[in-house]
Amino acid sequence: MTGISRTSADLDPRRRRILFRAWHRGIREMDLVLGQFAEAELPGLSEVELDELEVIMAEEDNDLIKWIIGEKPVPKQYQTPMFERIAAYRPDFERLPEEMK
């Protein structure tokens, strides 16, 4: 749970780019959420789902993490099955080692 564990060699360029961006967000909590989601789900996502994922990933990390942990309500436009799938990859941040918080 500390970083990328899959190779991107079998992914097309768009999915490789998304995978990289998912693990290099700016705040570690979002690396963990989006990185784990991307590793597990990218190969099976449709083009429409990739479009939606990229729109979500364009949001600010501080907003995304607050929506995911329930600190702020999720905006209407992101109350979607895709956002729920992403949020399901939320680790228990209370149990993370101090250096990862």
Side-chain angles (χ1 to χ4, degrees):
M1 188 167 84
T2 61
I4 194 164
S5 63
R6 88 176 309 280
T7 178
S8 63
D10 62 333
L11 298 175
D12 62 76
R14 183 180 187 190
R15 284 177 172 79
R16 277 189 216 134
R17 185 174 56 253
I18 292 171
L19 180 62
F20 181 85
R21 286 179 38 220
W23 277 113
H24 297 85
R25 296 295 304 173
I27 64 172
R28 189 64 180 150
E29 293 85 354
M30 285 312 304
D31 289 352
L32 293 171
V33 173
L34 287 171
Q36 290 179 78
F37 174 82
E39 280 196 26
E41 304 286 334
L42 268 181
L45 295 180
S46 69
E47 293 298 314
V48 171
E49 290 171 319
L50 291 175
D51 292 343
E52 186 176 354
L53 175 58
E54 289 182 311
V55 168
I56 292 169
M57 288 178 64
E59 289 294 329
E60 292 291 324
D61 284 343
N62 287 321
D63 292 331
L64 285 170
I65 197 64
K66 288 175 183 175
W67 301 335
I68 288 171
I69 65 173
E71 190 174 307
K72 291 175 75 175
V74 178
K76 185 89 170 152
Q77 72 265 28
Y78 295 124
Q79 294 175 10
T80 64
M82 175 61 73
F83 190 86
E84 290 174 14
R85 286 170 66 187
I86 293 167
Y89 281 83
R90 178 186 70 154
D92 182 358
F93 292 118
E94 297 302 317
R95 298 184 62 203
L96 291 176
E98 193 60 39
E99 67 271 5
M100 293 181 68
K101 291 182 183 180

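A search for side-chain hydrogen bond (donor to acceptor under 3.5 Å, both in side chains) contacts involving E49 returns S46, R85, not counting sequence neighbours. Every residue two or more places apart in sequence or in another chain that forms a ring-ring contact (aromatic ring centres under 6.0 Å, His included) with Y89 is listed here: F37. Residues passing the salt bridge (charged side-chain N to carboxylate O under 4.0 Å, His left out) test with R21 are E54, sequence neighbours excluded. Annotation: side-chain hydrogen bond (donor to acceptor under 3.5 Å, both in side chains) contacts of D51 (sequence neighbours excluded): R14.
With hydrogens and angles disregarded, a donor-acceptor distance shorter than 3.5 Å links the side chain of R16 to the backbone of L11.
In this structure, L34 CG and I86 CD1 are separated by 6.0 Å, a value rounded to the nearest 0.5 Å. Distance check, rounded to the nearest 0.5 Å: CD of E41 to CD1 of I18 gives 13.0 Å. Here the straight-line distance linking atom CE of M30 with atom CD of E59 works out to 10.5 Å at 0.5 Å rounding. Between H24 atom NE2 and D31 atom CG the span is 7.5 Å, to the nearest 0.5 Å.
The ring pair (Phe, Tyr, Trp, His ring centres under 6.0 Å) contacts involving residues 38-66 comprise nothing, where partners must be two or more places apart or lie in separate chains. For residues 44-65, there are no ring pair (Phe, Tyr, Trp, His ring centres under 6.0 Å) pairs, not counting sequence neighbours.
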Residues 62-75 side chain polar contacts: donor-acceptor under 3.5 Å, at least two apart:
none

Trace of the side chain to side chain contact (heavy atoms under 4.5 Å, CB included) decision for L45 with M82: CA-CA 10 Å; L45 295 180; M82 175 61 73; 4.1 Å; yes
